[in-house]
Participant: 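I have a structure I would like to understand better, so I am pasting it below and will then ask my questions one at a time.
Residue numbers start from 1 in every chain, and the chains themselves are labelled A, B, ... in the order their sequence lines are given, proteins ahead of strands. Since this is a predicted model, take the numbers as computed values, not measurements.
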Amino acid sequence: MTVAQLPPVVAAPQANRRRWPKPTLLIGLALLLLLLVAALVPKVLAPFSPTDFDYEAILQAPTSKHPFGTDNFGRDVLSRVIYGTRIDLQIALFTTLFPFLFGTLLGAVTGYLGRWSDALVGRLADLVVVFPFLVLVIAIVAVLGPGLTNMYIAVSAVGWVSYWRLTRGEVMTQKKAEYAQAGRVLGYSPSRILFRHLLPNSVTPAIVYLMTDMSLGILLGASLGYLGLGAQPPTPEWGVMVADGKNFMATAWWISTFPGLALTLAGVTFSLIGDGLADALRPRA
Amino acid sequence: MILTKTREPALMEIHGLTKTFPVRQSLLSRWRGQPVRKVQALTDVHLSVQRGETLGIVGESGCGKSTLARTLVRLYDADSGEVRYEQLDVLGLRGAALRQYNRRVQMIFQDPYSSLNPRMTVGQVLREALSVHKMRPPETQDARVQELLALVGLPPQAAGRLPHEFSGGQRQRIGIARALALEPECLIADELVSALDVSVQAQVVNLLLELQERLGLTVLFVAHDLRLVRHLSHRVAVMYLGRVVEVASTEAMFTQPKHPYTQALLAAAPTLDPSRRTAAPAITGELPSPLNVPSGCAFRTRCPHAFDRCAVERPALRTVSQNGGSGQEVACHLYDPASDPARALTSGLQPLPAQVPQ
Amino acid sequence: MTGVPVNSGDAALTQAAPQRWGSADAPLLQVRDLNVRIPTPAGELHAVRGVNFDLKNGEVLGLVGESGSGKSVTLRALLRLHRAPVKMSGEVSYAGENLLTMPESRLRSVRGGQISMIFQEPMTALNPVLTVGDQIVENLNEHRNLRGRAALERAADLLDLMGIPSPKARLADYPHQFSGGMRQRAMIAIALASEPRLLLADEPTTALDVTIQDQILRLLLKLRSELNMSIILVTHDLGVIAQTCDRVAVMYGGRLVETATVQDLFRRPLHAYSLGLLQSLPGAGQHRRPLQPIPGGPPNLLSLPPGCPFAPRCAFVTEACLGAEPPLVEVAPGRLSACVHFDRLPPLGEAVSGEEGAR
């Protein structure tokens, strides 16, 4: 029998049907674009400087000149919100990127190797999570001193655990799949099996969580800013701005409200992207 | 036929292979000093594989056939025993030597859906195998990928596609192509077609037959489908609860099964002839748990011929006839001349009316 | 061609089947023009397309087909187990009532009472937090109005009937304490507690080992004659069909393509698909010879070809197969086939290779 006599192979009918991203992902990406413009070139959007005092216009309600009103130093709230984007996106990125990279990598390795490495990191993770997250971060910042850099260090020391858990569990599932075993029988090195085969199939939950975590990171940055442990005045940071405005809530609601809305918008943006990515990154079976 | 040259040294020799899996226990039971429970997956397995033959390995779930396959390609580490592949001590291989052995002895997996990385195209899968083992210089790898696809009957444009674009049968072809990329001498096929529809099974079986003919492959065909094993194998080994209970040429195994379990297994397999129905099941009783294998002969709890010796002494494989040229080996006290001769004779162990699946 | 109305339209197709099995006693179950449509993101999947059959008292009917043929979907539709948005239409008449339209409350007394169902995977079909005894007694309460000691005794009797050793003690066990075969027996015991007239079995032995499968199939046959119930057995295993069923209905692409007694089907199939299926299996005396596979794969129900759904894979296909979908019609006494060329098919065992040119 020759190959020519083999039964003809019918091409799979669903071949090459493009799967379009869900609208949530597209909306999320559009909002992210807006945030990025505000972060990278705030001058284009902001009508005023974020730090210039204007004693002529203190605590003004929203007008056409100051659409978001002014604060107790006469600074334009709209401009401060726009300039705050950069610092808050930076917080979102720096509070999550290192935990993501470190946690995912560690999760992949210990999930694959198992045994003592997994047990060791597992106990370490337990140690970290028995403390309430915020309390631990505040404690670390209190020791290191307030400021953004120390806040990143504190969050990273705690935040990797979630990524480690997610990736470790996924790798442990994936390494039982037959393609991973096939890789071993094919004589592939452990690092090739782990990084070329298992990790790409295991990283999706971590990426999706990364998006949620970014909105949490902004909120955390805001909380610490509110407590005076994060960004230091006069840096325009949304959390600090909400905190500064709290004394004027009854008389000048706009000082706190607009940065608060910006926080919400950023959170929604990352959630939408995370939701969309979860769908787009799922391999088709 | 290949099997007439019986005295040629075997390609693979398995001696006393034993494998257990410890059962996870709670700290409390460990602290109480309860013994570690073990699943007895393989117990003292002896087998030899001749070059160029197809050796079928059959048995029910928990019989250890898949464990055996995986131990032979070193996915599992054996507890004890020896596996010789030509001059190689397989169980002692490490590093580069193990990779070289795996190049020569490849495995094809059961599940067409999980045995391929869902994020790599077929071309990437095959090229990876070629480049890791430096089977071809990079500039000729694409041509080799096309050769491999043609060999397993897939169209050239398959190289650019992802696994999900293929049907189950086509994915098994991809799995076969991946194994063949390393130009192995021996293929271990674990339930190669059992996940496929009947009409598609035959396509893949034909491919395996053709490739074996063409490339001179030795094949270990692990399956539970007796009809397929009978069709494909030169010799067959029957396993029960981690032990090989009978080894014989396919002809002898299916026409004159010796071991009571083999007889029951063949009788229980549903034949395609509706006029041959029996009211009583071929054998009663459940499969014992592999956590708690009966003493002596593992089959004695379900065996209609069991006698006292079966409970105390594990029967070893012994050659009982030269049927089919290569000898029929059975692990059963009934065939041991040292057993009470009256017992062996009066046990009524006539081969059951050989209800052979066909 | 002998009297095959190839060009008859859909109307003939749905009316061809009734009253053709020529038995005087009224059938237990009559299925007419059963359709199941499943909405999917890629479009509506017409999974069961106009299925007709009758089931006699005490009969074991095998429903055989490959994955995606619609055999399990059909079985579930008989008890209206599909939920919206899946759409079912047609008629499933049992004791003069249409199960597809009767009120939910009435249907509940039929389900599990008159008609019971067993599944492939007993571990998922049994409730893990209730003992086996509880689950049998529950059914006895519901459908036989047995309670207390009487129910427990009946439950033990049922386990005994299933061949489960020390039945009284096993009543207090949870499903996970049973082995695979015993679990399947327990599930059958629960299903039969209500003494149903009809048992629907969906691949009941596919997950079991061959020696256990053998035991369960023999048990089903024994129960059938002792309890005088009918069974519809869905399976992909032709050996199971041959060893268990009285009559067989072969499904392909959501339709019945052939029905026959089991002897007739295995002696001489009258549909090219049934023939191809039987010929693709390895036979005795063909050791290591190439098998005769059916080329290609199962049809995609979202884009069926016009005409016979099997035509693209068929060795006997001609122009006549490609126009309208051939209806299921009587081609011999007691035999229905939807094959245009049922009379041109070679007997089983004769190689199709001679026919290769016809492709």
Participant: Looking at C:Gly68, C:Ser67, C:Gly181, which one has more heavy-atom pairs under 4.5 Å with chain B than the rest?
Facilitator: C:Ser67
Participant: Give, as side chain, backbone, both or neither, the part of C:Pro298 having an atom under 4.5 angstrom from any heavy atom of chain B.
Facilitator: side chain
Participant: Which of the residues B:Leu265, B:Val200, B:Leu232, B:Thr250 is involved in the greatest number of heavy-atom pairs with chain C at under 4.5 angstrom?
Facilitator: B:Leu232
Participant: Holding to ring-ring contact (aromatic ring centres under 6.0 Å, His included), I want the full list of residues that pass it with C:Phe310, two or more places apart in sequence or in another chain.
Facilitator: C:Tyr252, C:Tyr273
Participant: Supply the atom-to-atom distance B:Ile57 CD1 to B:Leu68 CG, rounded to the nearest 0.5 angstrom.
Facilitator: 5.0 Å
Participant: For each of B:Ser199, B:Gly285, B:Ser233, tally heavy-atom pairs with chain C at distances under 4.5 Å, and name the one with the top tally.
Facilitator: B:Ser199
Participant: Check whether the side chains of B:Asn292 and B:Ser289 place a donor and an acceptor atom closer than 3.5 Å, and report yes or no.
Facilitator: no
Participant: For each of C:Leu221, C:Asp209, C:Leu208, tally heavy-atom pairs with chain B at distances under 4.5 Å, and name the one with the top tally.
Facilitator: C:Asp209
Participant: Side chains of C:Gln243 and B:Thr271: is there a donor and an acceptor less than 3.5 Å apart?
Facilitator: yes
Participant: So, B:Arg243 versus B:Tyr261: side-chain donor-acceptor pair below 3.5 Å or not?
Facilitator: no
Participant: Picking from B:Ala280, B:Gly169, B:Ser275, B:Gly168, which has the most non-hydrogen pairs under 4.5 angstrom with chain C?
Facilitator: B:Ala280
Participant: Heavy-atom distance under 4.5 Å to chain C: side chain of B:Val198, backbone, both or neither?
Facilitator: both
Participant: Side chain, backbone, both or neither: which part of C:Ile216 has a non-hydrogen atom closer than 4.5 Å to chain B?
Facilitator: neither
Participant: If you apply the rule side-chain hydrogen bond (donor to acceptor under 3.5 Å, both in side chains), what do you find for B:His231 with C:Gln286, and how did you get there?
Facilitator: CA-CA 7 Å; B:His231 185 79; C:Gln286 298 285 306; over 6 Å; no
Participant: Decide whether C:Arg288 and B:Gln212 meet the rule of one side-chain donor and one side-chain acceptor closer than 3.5 Å.
Facilitator: yes
Participant: Given the options B:Leu196, B:Val205, B:Leu209, which has more heavy-atom pairs under 4.5 Å with chain C than any of the others?
Facilitator: B:Leu209
